[in-house]
**Q** 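First the structure, then my questions, so here it is.
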Number of protein chains: 2
Amino acid sequence: MSDPQGQPGTPRPQIPEATVGRLPLYHRALISMHQGGNDTVSSEQLAEMAGVNAAKVRKDLSYFGTYGTRGVGYDVEALLGEIRSDLGLTSEWKCVLVGVGNLGTALISFAGFRERGFHVAAAVDVDPDKVGTRIGELVVAPQSSLETMVRDEGIAIGIISTIPAAAQEVADELGRCGVRSILNFAPTVIEAPEGVLIRNVDLASELEILAFHDQRRSSARDRRPAV
Amino acid sequence: MSDPQGQPGTPRPQIPEATVGRLPLYHRALISMHQGGNDTVSSEQLAEMAGVNAAKVRKDLSYFGTYGTRGVGYDVEALLGEIRSDLGLTSEWKCVLVGVGNLGTALISFAGFRERGFHVAAAVDVDPDKVGTRIGELVVAPQSSLETMVRDEGIAIGIISTIPAAAQEVADELGRCGVRSILNFAPTVIEAPEGVLIRNVDLASELEILAFHDQRRSSARDRRPAV
DNA sequence: CTCCGCTAGTGCATTCATTCACAAAGCCGG
DNA sequence: CCGGCTTTGTGAATGAATGCACTAGCGGAG
């Protein structure tokens, strides 16, 4: 409603990044609500399930339109539909995984991806020993076939689980093949190719952050003044 | 969570969470600088390597004290030492992994953890078929032995890679055993036990966020007005 | 000893995100 | 049909994070 430049024809509300990051939480919560047979859900309940507060839920959802009824709550089915469509989950997303190491292997058969609409449709590796290996239903292909597979299968997302040293080159190649989004597990900073969006997941970093806080709590305890 | 009364005697600079999240990036960058034999590094270089801007680097580092020399840069070794000590990486952190599924198995032997000072010292599962299985040097133990292992080995960090339905219970149990930090891979919200810090990593969410942006870019393109 | 070039450190303005608090709706019971 | 209860949707206030732009201070050349 408060669209600054009310351009007719381009009603882009421009969702804040923090809100985008919470959509998956709401998505999960709504799925569980829906499976539980609930027709409506209040912002309070959603907040509880998503681990945030109710005001945030309401503001976040308001960016997408009016899906709630005052005095009642949100229509679970309608809201779920909206979020699924925003996330583009109306059809399955195909992904290609590059780097079939320890982690890569696990990611290929990771159930969580499939359950949420993502399918690792191809996996490649530079190591000739790995090419041809079967992992679940998938056969590892040579890295040289990357471009063909991406184009033929209509793959939009790349997953990098190579060693750090190879990550930038792989990202560039994925970009050239027409992949528009990359999830990078290699612990290194990648410069995004033109038009490609990258998200980084560094598992060790997560532990380091936990360690930092733990460290802090301990040392605070140690030097607590004996009042 | 807030610490309103600034007790004299506890000079805690209180590091912003956003800064904490970037420490691992700086840490990585400094390790690589150090291995490259560099003695000093400028905020500009660090920024480049960490994928952030220079002002942010300087502000972040300033919370920890004065490790730079104007006109010169930061002393790589001193700064690396400071960050390692802040992250508590002066000695190895022992972790226990709960839930030896697909992902769990990969995490146990994930090289990235060990390289950065984390060691999965124990792994447990409820499934009797999995107990006794060898993964690398580790033998999967029954979940009932969790408490013993945590106490005997001095484990401070728990990693949850169970199914979502089991996650809360596992977290509670970890809390009881004295684990103070948890890295949760189960796609569900966990209520943190008293005194325990939880970080969530939801791999499917990461893909959903990518999908959201991709979706948005595409539909913006579609409805671009033909001026 | 002085001056110049360079870079850390930081106050300030701005932008982004969270939270509060309340008015606008909708439902239901009487 | 009305009045009370509930819950959304949203201005406005607050707080956190970012980025700019300037100052302070070091090292090295002359």
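What's counted below: heavy atoms across the whole structure, side chains too, no hydrogens, waters or symmetry copies. By convention in this document, chain letters (A, B, ...) are assigned in the order of the sequence lines, proteins followed by strands, and residues within each chain are numbered from 1.
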**Q** Separation of Ile15(B) atom CD1 from dA16(D) atom C1', in whole Å?
**A**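 Computing the Ile15(B):CD1 to dA16(D):C1' distance gives 15 Å.
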**Q** For Asp172(B), give me all partners under side chain to side chain contact (heavy atoms under 4.5 Å, CB included), at least two apart in sequence or on another chain.
**A**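 By the side chain to side chain contact (heavy atoms under 4.5 Å, CB included) rule, Asp172(B) matches Gln168(B), Arg176(B), Pro193(B).
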**Q** For the residue pair Thr40(B) and Asp75(B), confirm or rule out a side-chain donor-acceptor distance under 3.5 Å.
**A** no
**Q** Go through the structure and list residues passing salt bridge (Lys or Arg N to Asp or Glu O under 4.0 Å) with Arg180(B), not counting sequence neighbours.
**A**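 Result, salt bridge (Lys or Arg N to Asp or Glu O under 4.0 Å) vs Arg180(B): Asp214(A).
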**Q** Quick one: Asp75(B) CG to dG27(D) P, roughly how many Å, whole number?
**A** 12 Å
**Q** Using a heavy-atom cut-off of 4.0 Å to chain A, what are the terminal contacting nucleotides of DNA chain C, in 5' to 3' order?
**A** dA17(C) to dC27(C)
**Q** Using five pairs at each end of the helix from dC1(C)-dG30(D) to dG30(C)-dC1(D) to define an axis, what is the angle between those two axes, to 10°?
**A**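 The angle, to the nearest 10 degrees, is 0°.
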**Q** Would you check if Val96(A) and Ile159(A) make a side-chain contact, meaning some heavy-atom pair closer than 4.5 Å?
**A**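 They are not in contact (no side-chain heavy atoms under 4.5 Å apart), so the answer is no.
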**Q** Start with the C-alpha gap between Ile160(A) and Leu174(A), add the side-chain angles, then the distance that decides, and say whether side chain to side chain contact (heavy atoms under 4.5 Å, CB included) holds.
**A** CA-CA 10 Å; Ile160(A) 299 182; Leu174(A) 285 168; 4.0 Å; yes
**Q** Check side chain to side chain contact (heavy atoms under 4.5 Å, CB included) between Ser43(A) and all other residues, then give those that pass, not counting sequence neighbours.
**A**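 Once residues adjacent in sequence are excluded, the partners of Ser43(A) under the side chain to side chain contact (heavy atoms under 4.5 Å, CB included) criterion are Ala54(A), Val57(A), Arg58(A), Tyr74(A).
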**Q** Identify, with sequence neighbours excluded, every residue that meets side chain to side chain contact (heavy atoms under 4.5 Å, CB included) alongside Ser205(A).
**A**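 In terms of side chain to side chain contact (heavy atoms under 4.5 Å, CB included), with neighbours along the sequence ignored, Ser205(A) is linked to Asp202(A), Pro24(B), Arg116(B).
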**Q** List the residues meeting side chain to side chain donor-acceptor pair (under 3.5 Å) with Thr188(B), not counting sequence neighbours, and say none if there are none.
**A**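 If we apply the side chain to side chain donor-acceptor pair (under 3.5 Å) test to Thr188(B), skipping adjacent residues, there are no hits.
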**Q** Holding to ring pair (Phe, Tyr, Trp, His ring centres under 6.0 Å), I want the full list of residues that pass it with Tyr67(A), two or more places apart in sequence or in another chain.
**A**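 Partners of Tyr67(A) by the ring pair (Phe, Tyr, Trp, His ring centres under 6.0 Å) criterion come out as none, since no residue qualifies.
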**Q** Give the minimum heavy-atom separation between Ala121(B) and Ile155(B), together with the two atoms involved.
**A**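 For Ala121(B) and Ile155(B), the tightest heavy-atom pair comes out as CB-CD1, 4.5 Å.
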**Q** For Phe212(A), what residues pass the ring pair (Phe, Tyr, Trp, His ring centres under 6.0 Å) criterion, not counting sequence neighbours?
**A**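 Listed in chain order: nothing, the list is empty.
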**Q** Where along residues 64-74 of chain B does a heavy atom fall under 4.0 Å from DNA chain C?
**A**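 The answer is Thr66(B), Tyr67(B), Gly68(B), Thr69(B), Arg70(B), Gly71(B), Val72(B), Gly73(B), Tyr74(B).
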**Q** Kindly determine whether Leu183(B) and Leu207(A) satisfy side chain to side chain contact (heavy atoms under 4.5 Å, CB included), including the steps that lead there.
**A** CA-CA 7 Å; Leu183(B) 186 56; Leu207(A) 288 182; 3.6 Å; yes
**Q** Which residues pass the side chain to side chain contact (heavy atoms under 4.5 Å, CB included) test with Glu17(B), sequence neighbours left out?
**A**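 Scan of Glu17(B) (side chain to side chain contact (heavy atoms under 4.5 Å, CB included), adjacent residues dropped) gives Ile209(A), His213(A), Val20(B), Arg199(B).
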**Q** Produce the list of close N/O pairs, under 3.5 Å, pairing protein atoms with atoms of nucleotides 18-22 of chain D; give distances to one decimal.
**A**
unit_1: dT18(D); atom_1: OP1; unit_2: Arg22(B); atom_2: NH1; d: 3.1
unit_1: dT18(D); atom_1: OP2; unit_2: Arg22(B); atom_2: NH1; d: 3.0
unit_1: dT18(D); atom_1: OP2; unit_2: Arg22(B); atom_2: NH2; d: 2.8
unit_1: dG19(D); atom_1: OP2; unit_2: Asn53(B); atom_2: ND2; d: 2.8
unit_1: dG19(D); atom_1: OP2; unit_2: Lys56(B); atom_2: NZ; d: 3.2
unit_1: dG19(D); atom_1: O5'; unit_2: Asn53(B); atom_2: ND2; d: 3.4
unit_1: dG19(D); atom_1: O6; unit_2: Lys59(B); atom_2: NZ; d: 2.5
unit_1: dA21(D); atom_1: N6; unit_2: Arg58(B); atom_2: NH2; d: 3.4

